[in-house]
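Working notes for the structure below.
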Protein chains: 2
Amino acid sequence: MSSHTTTPKKPRTRRISESTIRRLSIYYRALARLEAEGYHTVSSKELARRERLTPAQVRKDLSFFGSFGTRGLGYPVSELRGKIARILGIDRMWNVALIGVGNIGSALVAYKEFQRQGFHIRRIFDNDQRKIGSNHKGIMVSDIADLESELKASKIEITVIAVPAHAAQDVADRCVRAGIKAMLNFAPVNLKVPDDVCLRTENMSMELEYLSFSRVNQGSVETVLLDAEKA
Amino acid sequence: MSSHTTTPKKPRTRRISESTIRRLSIYYRALARLEAEGYHTVSSKELARRERLTPAQVRKDLSFFGSFGTRGLGYPVSELRGKIARILGIDRMWNVALIGVGNIGSALVAYKEFQRQGFHIRRIFDNDQRKIGSNHKGIMVSDIADLESELKASKIEITVIAVPAHAAQDVADRCVRAGIKAMLNFAPVNLKVPDDVCLRTENMSMELEYLSFSRVNQGSVETVLLDAEKA
DNA sequence: TTTTTATTGTGAATGAGTTCACATACCACG
DNA sequence: CGTGGTATGTGAACTCATTCACAATAAAAA
Ligand SMILES: NC(=O)c1ccc[n+]([C@@H]2O[C@H](COP(=O)([O-])OP(=O)(O)OC[C@H]3O[C@@H](n4cnc5c(N)ncnc54)[C@H](O)[C@@H]3O)[C@@H](O)[C@H]2O)c1
Ligand SMILES: NC(=O)c1ccc[n+]([C@@H]2O[C@H](COP(=O)([O-])OP(=O)(O)OC[C@H]3O[C@@H](n4cnc5c(N)ncnc54)[C@H](O)[C@@H]3O)[C@@H](O)[C@H]2O)c1
């Protein structure tokens, strides 16, 4: 490679990997615990030990966003926690709507932890006439027919999709049309959304399948190879 | 450094990445749909198009486990589905126990899809006297006090942890002691388990935080850098 | 003030995972 | 039975993430 490669601009827009963001969530929780335990500072070594990561990983992750530590001392627990909250965008409130208040949906509404984290369920939608108009933890269930208008009117920023799989893509499409840019999906389907919409899918079947795989192939994969060949 | 690290001799034991296993689950579902649509064969190109992956990725993933396709033609839909089921270990039944039948736990018990997939909830445990002995979808709720003995007696292979966060580590430890090697955890904590135990954690808060991050930093991270510095 | 000690922040090295590219092989059809 | 068209399977190249290693530097000790 030539010494001066064609670097068009400064790489200001560094790409942050998904894993780094996931670890920021981990650090955030770890720091909350450290704070509760009365620590004022923590080293990357200690933080890594607690979360089963490497010190270098911790430092590298944080370095993408700035210099938060003090050499020879470590990171200020409480302050770093605040900075990570800011980076993750959880230093504010988010207006969330739940779509489909069945088994999973009801559990989510009842879960107070999300609210404490700043994710406020402001609206609930369903298509079941028996549910529409009923009260769930102080929130009146709206008719799915009014989805787009209500999402806009109530300034919803994140939708949680908890409808049956066959209805999920349609619901997602309608959310997109209503301008929603972030969704959490519980239906076991790969929803198609535009590039500028952030979609996360919580697929419990996939997690169970992963467990299953890891049990069948206890560490090694030789078994699978054999099985697959003779099958 | 290396206390007793055995140098891996034969490269027979290829390491299959987590992402590959996750994608096998995706292929499995896609093939089920293709089968329902009446297809007999499918090319890596078509499979990739449907699931938003690359053809090379599909072929490489499958090649770790054998040669399932026919050059010039593609993969036999139904047959490949069976082979993947076998690789994932979902061509059989798994005995599952649910621990903690609150909001989330109740939703899981009510969910028939897991059973159809081969994951059978055989036992339910709780520590609430009002719940113990009650019936959930035909399953009598057991006393958590009997956890270890019942797990063994009923040959449970996978446990699903749906108890409050503060109780989760203790429950996990007890499962480990009872010989459980696979767990799905819903509590928002990083549980510590031995290396030979496979643990998956479904952390919804982390998913919401990811959405939050992606909204705050619409594509770029410059904002974060600035904010973090001036904060 | 100077020295010692500890730990960060970060380029460079390594490693893992993805994509490329093409030889290989099979089917269909004439 | 050979030829054309097509899609697999896989080593090599590449890209992205993790780990290494150490200079930089702040705090504490002397
Ligand atoms: N229950 C679980 O433990 C579980 C686990 C994993 C995944 N999931 C998935 O989560 C989703 C919901 O599961 P559930 O068990 O809560 O199902 P459910 O049937 O109990 O609830 C679905 C709810 O969505 C409503 N609904 C149906 N169609 C709708 C539409 N077009 N618009 C608006 N609302 C509509 C129904 O009235 C119902 O209230 C499903 O996709 C399921 O596969 C559930
Ligand atoms: N409800 C949700 O939507 C949601 C979402 C994300 C994560 N979670 C997590 O899932 C877990 C369960 O949440 P939930 O909302 O169902 O809570 P919950 O309080 O409704 O249910 C917890 C159940 O566990 C039982 N329990 C408590 N301690 C126990 C113990 N030591 N042994 C056995 N059983 C015990 C309780 O009796 C109760 O039935 C929590 O860790 C929570 O953080 C829940």
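Here is the naming used below: chain letters follow the sequence lines, and residue numbers restart at 1 for every chain.
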Item to complete: Begin from the C-alpha positions of A:Tyr27 and A:Val58 and carry the test side chain to side chain contact (heavy atoms under 4.5 Å, CB included) through to its verdict.
Response: CA-CA 8 Å; A:Tyr27 304 147; A:Val58 172; 3.8 Å; yes
Worksheet item: Does B:Ser212 use its side chain to pair, donor to acceptor, with the backbone of A:Leu88 at less than 3.5 Å?
Response: yes
Item to complete: Using a 4.0 Å heavy-atom cut-off across all strands, classify B:Lys60 as base, sugar-phosphate, or nothing.
Response: base
Check whether any side-chain nitrogen or oxygen of [X] sits under 4.0 Å from OP1 or OP2 of [N], and answer yes or no.
X       : N      : value
B:Ser17 : C:dA16 : no
B:Ser19 : C:dG17 : no
A:Arg59 : C:dG9  : no
B:Arg23 : C:dT18 : yes

Worksheet item: If you take all heavy atoms of B:Phe186 and B:Glu202, which pair is closest and at what distance?
Response: CE2-CG, 3.6 Å
Worksheet item: Of the non-hydrogen atoms in B:Ile84 and B:Leu31, which two are nearest, and what is the gap between them?
Response: CD1-CD1, 3.7 Å
Worksheet item: Does any residue of residues 70-77 of chain B have a heavy atom under 4.0 Å from DNA chain D, and if so, which ones, in number order?
Response: B:Thr70, B:Arg71, B:Gly72, B:Leu73, B:Gly74, B:Tyr75
Worksheet item: Considering only heavy atoms from C-beta outward, does the side chain of A:Gln117 approach that of B:Glu209 to under 4.5 Å?
Response: yes
Worksheet entry | Residue pair B:Arg59 / B:Tyr75, side-chain heavy-atom distance below 4.5 Å | yes
Worksheet item: What is the bend of the helix from C:dT1-D:dA30 to C:dG30-D:dC1 when you compare the axis at one end with the axis at the other, using five pairs each and rounding to 10°?
Response: 10°
Practice prompt. Take atom CZ of A:Arg22 and atom P of D:dT18, then tell me their distance rounded to the nearest Å.
Written response: 12 Å
Worksheet item: Can a donor-acceptor pair be found between the side chains of A:Asp173 and A:Gln169 at a distance below 3.5 Å?
Response: yes
Worksheet entry | Sole residue of A:Arg23, A:Arg29, A:Arg33 in salt bridge (charged side-chain N to carboxylate O under 4.0 Å, His left out) with A:Glu51 | A:Arg33
